[in-house]
Chemist: 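Just dropping this structure here.
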Amino acid sequence: MEPPKVQQSGEGGLNVTLTIRLLMHGKEVGSIIGKKGETVKKMREEVSASGARINISEGNCPERIVTITGPTDAIFKAFAMIAYKFEEDIINSMSNSPATSKPPVTLRLVVPASQCGSLIGKGGSKIKEMRESTGAQVQVAGDMLPNSTERAVTISGAPEAIIQCVKQICVVMLEAYTIQGQYAIPHPDQLTKLHQLAMQQTPFTPLGQTTPAFPAGLDASNQASTHELTIPNDLIGCIIGRQGTKINEIRQMSGAQIKIANAMEGSSERQITITGTPANISLAQYLINARFRDVAAMWNDPSSMTTS
């Protein structure tokens, strides 16, 4: 899974773009492609409207890589289509079999070995939590894939359980990628403040303490917490956006409640209060920081400025 990217859409909105890869046997790839490529064509048409792409590696090797790239909602839609297609294959195979119990659907994700520790958690706490909260079986391979620095993460269960598990894995990966160092430039101009805010370290609740929730449909049943940010008055506008469009986008995408305090007389700063699960808060902070990065980039390149 590659680092998430936050892009500005054609309407000036923000999209969290993820890339997730699956390792599949030839028979599984054949099922996804379908007769004369009809199945994968249909899948691509359904997810491309949401900005996602499905690519299948070339070659006649026993195993192939299926890459899904796009906004989070579209990623999960593609996963759902693949999981339900595999379940359909299992049901069809059982019609000619004496077996009475339905085998689980199994998908294998390709994950950088450096990120597997975050998925497992201290003493296996995170992976145990995922199993218990989703009902899916999750296994992280002990060895790296051949000629690779990545490992296979196997998820088995009902399609619904697999989808919920993938959402939680995406949250863990997103948290891991957004923990970055702090780069502060001590100059008082607005552009510098934008860079400072965009690159600041984002604090997180330690992984494994709560069940993360993703805004795209995952139940947010864990206990909410609160985080506060302080933003200079002269930069608050780029977070709010025209008629509140930007802050509403961030609220919708992160699933967090975000309140901006009124300006206090004599104060040059405004307080932003973010409430939600640790994962909701993490994503909200990520999107706020990304908004600062977008604006800073536009200031560096005035030709790219658009009304937003």
Chemist: Working to the nearest 0.5 Å, report the span between CD1 of Ile258 and NE2 of His227.
Modeler: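 That separation rounds to 11.5 Å.
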Chemist: Could you measure the distance from the CD1 atom of Ile32 to the CD1 atom of Ile56? Nearest 0.5 Å is fine.
Modeler: 7.0 Å
Chemist: Would you list the pairs meeting salt bridge (Lys or Arg N to Asp or Glu O under 4.0 Å) in which at least one residue belongs to residues 105-121, sequence neighbours left out?
Modeler: Glu63-Arg108
Chemist: Using side-chain contact (heavy atoms from CB on, under 4.5 Å) as the criterion, list what pairs up with Ala158, not counting sequence neighbours.
Modeler: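 Per chain and number, Ala158 pairs via side-chain contact (heavy atoms from CB on, under 4.5 Å) with Glu160.
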Chemist: Can you tell me how far CD1 of Ile68 sits from CZ of Arg53, rounded to the nearest 0.5 angstrom?
Modeler: 11.5 Å
Chemist: Check salt bridge (charged side-chain N to carboxylate O under 4.0 Å, His left out) between Lys85 and all other residues, then give those that pass, not counting sequence neighbours.
Modeler: Asp89
Chemist: Give the cluster check for Tyr84 versus Met81: same hydrophobic cluster or not, with ILVMFWY residues linked at side-chain heavy-atom distances below 4.5 Å.
Modeler: no
Chemist: Passes side chain to side chain contact (heavy atoms under 4.5 Å, CB included), Ile82 versus Leu22? Steps please.
Modeler: CA-CA 11 Å; Ile82 291 172; Leu22 293 165; 4.1 Å; yes
Chemist: State the CD1-CE distance between Ile120 and Met130, to the nearest 0.5 angstrom.
Modeler: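 It is 10.0 Å, given to the nearest 0.5 Å.
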Chemist: What is the distance from atom CG of Leu23 to atom CD of Glu28, rounded to the nearest 0.5 Å?
Modeler: 8.5 Å
Chemist: Looking at every heavy atom in both Ala284 and Ile274, which two are closest together, and how far apart are they?
Modeler: CB-CG2, 3.9 Å
Chemist: Walk me through it: do Ile155 and Ile169 pass the test side chain to side chain contact (heavy atoms under 4.5 Å, CB included)?
Modeler: CA-CA 11 Å; Ile155 309 172; Ile169 288 173; 3.7 Å; yes
Chemist: Are Ile163 and Leu119 connected, step by step, through hydrophobic side chains (Ile, Leu, Val, Met, Phe, Trp, Tyr) whose heavy atoms are closer than 4.5 Å?
Modeler: no
Chemist: Are the charged groups of Lys126 and Glu129 less than 4.0 angstrom apart, N to O?
Modeler: yes
Chemist: Give the minimum heavy-atom separation between Ala74 and Val47, together with the two atoms involved.
Modeler: O-CG1, 4.2 Å
Chemist: Within the 4.5 Å heavy-atom criterion, are Ile236 and Ile272 side-chain neighbours or not?
Modeler: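 A side-chain contact under 4.5 Å exists here.
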Chemist: How close do Ile247 and Gly244 get, heavy atom to heavy atom, and via which atoms?
Modeler: CG2-O, 3.3 Å
Chemist: Identify the two heavy atoms, one from Phe86 and one from Thr106, that lie closest to each other, and give their separation to 0.1 Å.
Modeler: CD1-O, 4.0 Å
Chemist: For Ile90 and Lys102, work out which heavy atoms get closest and say how close.
Modeler: CG2-CG, 3.7 Å
Chemist: Can you tell me if Arg151 uses its side chain to pair, donor with acceptor, with the backbone of Ala113 under 3.5 Å?
Modeler: no
Chemist: To which residues is Met264 joined in a hydrophobic cluster, defined by side-chain heavy-atom contacts under 4.5 Å among Ile, Leu, Val, Met, Phe, Trp and Tyr, whether direct or through other members?
Modeler: none
Chemist: With no hydrogens and no angle check, just 3.5 Å: does a side-chain donor-acceptor pair link Thr134 and Gln168?
Modeler: no
Chemist: Quick one: does Gln115's side chain have a donor or acceptor within less than 3.5 Å of a partner on Pro112's backbone?
Modeler: no
Chemist: Please evaluate residues Ile281 and Ser225 with respect to the criterion side chain to side chain contact (heavy atoms under 4.5 Å, CB included), reporting the C-alpha separation (whole Å), side-chain torsions for both, the decisive distance (0.1 Å), and the verdict.
Modeler: CA-CA 8 Å; Ile281 292 172; Ser225 57; 3.4 Å; yes
Chemist: Any chance you could measure Gln137, atom CD, to Ile162, atom CD1, to the nearest 0.5 Å?
Modeler: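 The distance works out to 11.0 Å.
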Chemist: Check whether Ile33 and Phe79 end up in the same hydrophobic cluster, where Ile, Leu, Val, Met, Phe, Trp and Tyr are linked by side-chain heavy atoms less than 4.5 Å apart.
Modeler: yes
Chemist: If hydrophobic residues (ILVMFWY) are linked whenever their side-chain heavy atoms come closer than 4.5 Å, directly or via other members, who joins Ile91 in its cluster?
Modeler: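 So far as hydrophobic clustering goes, Ile91 is joined with none.
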Chemist: State whether the number of non-hydrogen atoms from other residues, nucleotides or ligands found under 6.0 Å of Asn92 atom CG is greater than 12.
Modeler: yes
Chemist: With a 4.5 Å heavy-atom cut-off, do Asn248 and Arg251 have their side chains touching?
Modeler: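 When only atoms from C-beta onward are counted, Arg251 and Asn248 do touch, with a gap below 4.5 Å.
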Chemist: Would you name the heavy atoms of Lys77 and Glu46 that are closest together and state the gap between them?
Modeler: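 Heavy atoms of Lys77 and Glu46 come nearest at NZ-O, 3.5 Å.
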Chemist: If a pair satisfies salt bridge (Lys or Arg N to Asp or Glu O under 4.0 Å) and one of its residues is in residues 268-279, list it, with sequence neighbours excluded.
Modeler: none
Chemist: For Ile20 and Cys170, what are the C-alpha separation, side-chain angles and deciding distance, and is it a side chain to side chain contact (heavy atoms under 4.5 Å, CB included)?
Modeler: CA-CA 9 Å; Ile20 301 180; Cys170 287; 3.5 Å; yes
Chemist: Would Val166 end up clustered with Val140 when hydrophobic side chains under 4.5 Å apart are linked, directly or stepwise?
Modeler: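 Yes, Val166 and Val140 fall within the same hydrophobic cluster.
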Chemist: Within a 6.0 Å radius of atom CD on Gln243, are there more than 12 heavy atoms belonging to other residues, nucleotides or ligands?
Modeler: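 No, the 6.0 Å shell around CD holds no more than 12 heavy atoms from other groups.
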